[in-house]
Amino acid sequence: MDGDTSNKLHAMRHSLAHIMASAIKRIWPEVKLGVGPVVENGFYYDLDLGGMAISDADFEKIEDGMRAIIKEAQPFVRSMKPIDEAITWAEQEKQPYKLELLHDLQRAGTTSAKDINPEELGVEGDGSSKVDQVSFYTNGDFTDLCRGPHVESTDQVGAFKLMRISGAYWRGKEGNPQMQRLYGVAFASDKELRQYLNMLEEAKKRDHRKLGQELDLFVFSDMVGSGLPLFTPRGTILREELARFSDELRERVGFQKVWIPHITKHELYEKSGHWAKFGDELFLVKSQETSDQFVMKPMNCPHHTRIFASQPRSYRDLPVRYLETTTVYRDEKTGELGGLSRVRSITQDDSHIFCRNDQIEEEVNKMMAAAAELYQAVGMKLRVRLSYRDESGAYLGAMELWESAQSQLKAAVRANGLEYFEENGEAAFYGPKIDFMATDAIGREHQLATVQLDFVQPERFELEYTDAEGNRVAPVMVHCALLGSVERFLSVYIEHTAGKFPVWLAPEQVRLITVNQEDATREFAQKVAEEGQKLGLRVHVDNDNESVGKKIRNAELLKVPYAIVIGEKEIATGEVVPRIRKDIAVSETTDSRTVDEFLKTVAHEAKSRVSKTSL
RNA sequence: GCCGACAUAGCUCAGUGGCUAGAGCGGCUGUUUUGUAAACAGCGGGUCGUGGGUUCGAAUCCCUCUGUCGGCUCCA
């Protein structure tokens, strides 16, 4: 989207916020207005209606009111008022929130708790922080304090829909009055609005929490606790196949598996600095034997540094690469938990490289290639953000190290031909990083994989190797994860595929459906299943006393890639006609083929981890 | 954590102060022996999330806790 279009859309959305406020004011003249900004995909307005609560049953009434105002094509008229006059206005209008904003403008020249750029304010002052004049916009009989800009008149606002209502504190501060936040989405055209609503609809259908239950992948138990998913046999296959792929990609480029316990004395995190920084996210574990305070590990790097530090290292030994797909525990705020996307037991496909400064590029290069291969296999487009430091002093580590590292990261990204963009000020305080953004099937972008350089932990843990001149030097640490976290990856991936997993990941790859319960049928199906299992396939026999139609239906609902009906015909000829899940079928009709041939093809397909079949 | 909504059978849901709490699907049993998206019949299955309170009487009203969902970053 170019800047013009985006400014226009911004003005439309902001104008809609005013139109919504005007409509509400017509219905409830006593409403006290808060703020009404533009947000991603739309706008909102914070309202205080005293004791009365707006509910979504009122949306139609408000939307009708908005449409009436739009139809009236009221011009948006900008006017300036001296601040004293504006304050009088707010008092007369009985708008206490606006009054508060005006007082802030008068006093500090900003309405933001944070310092925002004074140029952005659009207020005409004397250049100091004080404000003399403030701008107002009027449409019809509604006037609002506003820096604009707006569209010319109320009929130029595109398409909108009110979406939801939620509670919000005035200015986001607990303790302030609770207001109602009324959200709308808005786009330049009906078509774009429809597309957006369709996307939401589609996202709802694919919701991984719903599919997780329907496909029998994972469950939660009140007794275990929130944010602690339990994986069923089917879900566990998915987890493990994905983790295995990630492990293999890393082992191929020289990583070695390590294993660490899930708890540690808290001193480890004091040393790493995490205790001070993330202390409130740590689960504490108390020993009944000793006075030691233990914690569940919230990350793996401190443990891994202990393995690196367990023996003297030469520059010739580097890079040392450790991989471990293991679970960390973080006591996330309960309100932030949801499905698999935000959990308290997080399984990371974690990797740590200890290397020399001059090895960064090659190491990162290999990880980029691994990430590219993984996301190619799961059918998600990748682009990367190179996150650099800015000029502020918020970073640790020598400047030369940063500069060399940042240019090595860039070289590695370019060598892999991935789409990338650079951003200053997005680095972690301990080093620059590469964030991978994966686009799913309905166009949403997710940050999953990551490669982060770390100049700080090697120092904190006094890691060192001996260089060619015999000096003790700190290695650079690289943290990377390809899936990111298995749980979060699954939440994205289930929605990406809508549960139609490719053969290599499908918990059940082939289902054999018997036509009747006669011994010969059952035995034949059993034999086919055993042959498939020998080839490493996940084959199930459905010998239930149900109609063939019903059993087909069940296989379809579980999104099993291949279903095969076994009856007299198959027993007689030894040939089968696979029923192929629609999304992976390449043609409408399928030929019959021998059982052996079929199983071998599927086994090959599973092994090669292709997303679509060519069977 | 905070605000709001919600929590009824394994699942999806009906039941809003008054008889023994219901349906469909799933489960079990029987009949049927089935040919590519739902055979038929019968039977089980619930301290209505937890604990407390109000009431002659609570799934239903109030409070607590637990859990789920939406929001809590976006600043005239």
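In this text, all values refer to a predicted model and were calculated from it rather than measured experimentally. Each chain gets a letter, A, B and so on, in the order the sequences are listed, and its residues count up from 1.
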Across every strand shown, the nucleotide meeting Watson-Crick or G-U wobble geometry with B:rC40 (both distances under 3.5 Å) is B:rG30
Taking the side chain as every heavy atom from C-beta outward, state whether A:Met20 and A:Phe160 have any pair of such atoms under 4.5 Å apart. no
Could you state the CG-P distance from A:Asn543 to B:rU34, rounded to the nearest angstrom? 14 Å
Could you check how far CG of A:Asp544 sits from P of B:rG26, rounded to whole Å? 11 Å
C1'-based separation of B:rC48 from B:rG30 [nearest Å]: 32 Å
Does the side chain of A:Tyr183 get closer than 4.0 angstrom to OP1 or OP2 of B:rC72 through an N or O atom? yes
Looking at A:Arg553 and A:Glu546, is there a salt bridge between them, counting it only when a charged N and a carboxylate O are closer than 4.0 Å? no
Quick one: side chain to side chain donor-acceptor pair (under 3.5 Å) partners of A:Glu202, sequence neighbours excluded? A:Lys205, A:Arg206
Side chain to side chain contact (heavy atoms under 4.5 Å, CB included) against A:Arg342, all qualifying residues, sequence neighbours excluded: A:Glu332, A:Glu336
Strictly by salt bridge (charged side-chain N to carboxylate O under 4.0 Å, His left out), give each pair with a member in residues 565-576 of chain A just once, sequence neighbours left out. none
Need the pair for B:rC75. Rule: Watson-Crick or G-U wobble, both distances under 3.5 Å, any strand; none if unpaired. none
Between B:rC65 and B:rG70, how far is it from one P atom to the other, in whole Å? 22 Å
The residue, A:Lys333 or A:Leu337, whose nearest nucleotide of RNA chain B is more 5′ is A:Lys333
Hey, could you give me each pair passing salt bridge (charged side-chain N to carboxylate O under 4.0 Å, His left out) that has a residue in residues 516-525 of chain A? Not counting sequence neighbours. A:Asp519-A:Arg522
Residues which pass salt bridge (Lys or Arg N to Asp or Glu O under 4.0 Å) with A:Lys551, listed by chain and number, not counting sequence neighbours: none
Can you check the distance between B:rG17 and B:rU60, where both ends of the measurement are the P atom (answer in whole Å)? 11 Å
Need one value for A:Gly339: base, sugar-phosphate or nothing, where a base atom within 4.0 Å counts as base even if backbone is also close, heavy atoms only. sugar-phosphate
Rounded to whole Å, please give me the gap between CD in A:Gln517 and C1' in B:rG30. 14 Å
Determine whether A:Phe598 and A:Tyr562 satisfy the following criterion, ring pair (Phe, Tyr, Trp, His ring centres under 6.0 Å), listing intermediate values before the conclusion. CA-CA 10 Å; A:Phe598 165 75; A:Tyr562 299 106; 5.6 Å; yes
Counter-base of B:rC65, judged by Watson-Crick or G-U geometry with both distances under 3.5 Å: B:rG49
Which whole-number value in Å describes the distance from A:Met223 CE to B:rU68 C1'? 16 Å
In Watson-Crick or G-U wobble terms, with both distances under 3.5 Å, the base opposite B:rA9 is none
Could you state the atom-to-atom distance from CG of A:Asp222 to C1' of B:rU8 in whole Å? 15 Å
Looking at A:Ala203, is its backbone amide N or carbonyl O close enough to the side chain of A:Glu495 to form a donor-acceptor pair, meaning the two atoms are under 3.5 Å apart? no
Protein-nucleotide distance (A:Leu182, atom CG; B:rC74, atom P), rounded to Å: 18 Å
Spacing between A:Arg344 atom CZ and B:rU66 atom C1', to the nearest angstrom: 12 Å
Could you give the distance separating B:rC6 and B:rG18 at their C1' atoms, to the nearest angstrom? 26 Å
Applying side chain to side chain donor-acceptor pair (under 3.5 Å), name anything that partners A:His150, two or more places apart in sequence or on another chain. A:Ser15, A:His18
Would you jot down, in residue-number order, the residues of residues 208-216 of chain A having a non-hydrogen atom under 4.0 Å from RNA chain B? A:Arg209, A:Gln213
Could you state the CG-P distance from A:Asp207 to B:rU12, rounded to the nearest angstrom? 12 Å
Any chance you could list the contact pattern along nucleotides 35-48 of chain B? Use B for base contacts, S for sugar-phosphate-only contacts and - for none, protein heavy atoms under 4.0 Å, 5' to 3'. BBBBB---------
Separation between the P atoms of B:rC61 and B:rC25, rounded to whole Å: 30 Å
Take atom P in B:rG44 and the same atom in B:rG53, then report the distance between them in whole Å. 35 Å
Both distances under 3.5 Å, Watson-Crick or G-U wobble: report the partner of B:rC56, or none. B:rG18
Partner set under salt bridge (Lys or Arg N to Asp or Glu O under 4.0 Å) for A:Glu63, not counting sequence neighbours: A:Arg67
Using the P atom as the point on both nucleotides, what is the distance between B:rU12 and B:rG51, in whole Å? 23 Å
When the C1' atoms of B:rG46 and B:rA41 are compared, how many Å lie between them, rounded to an integer? 24 Å
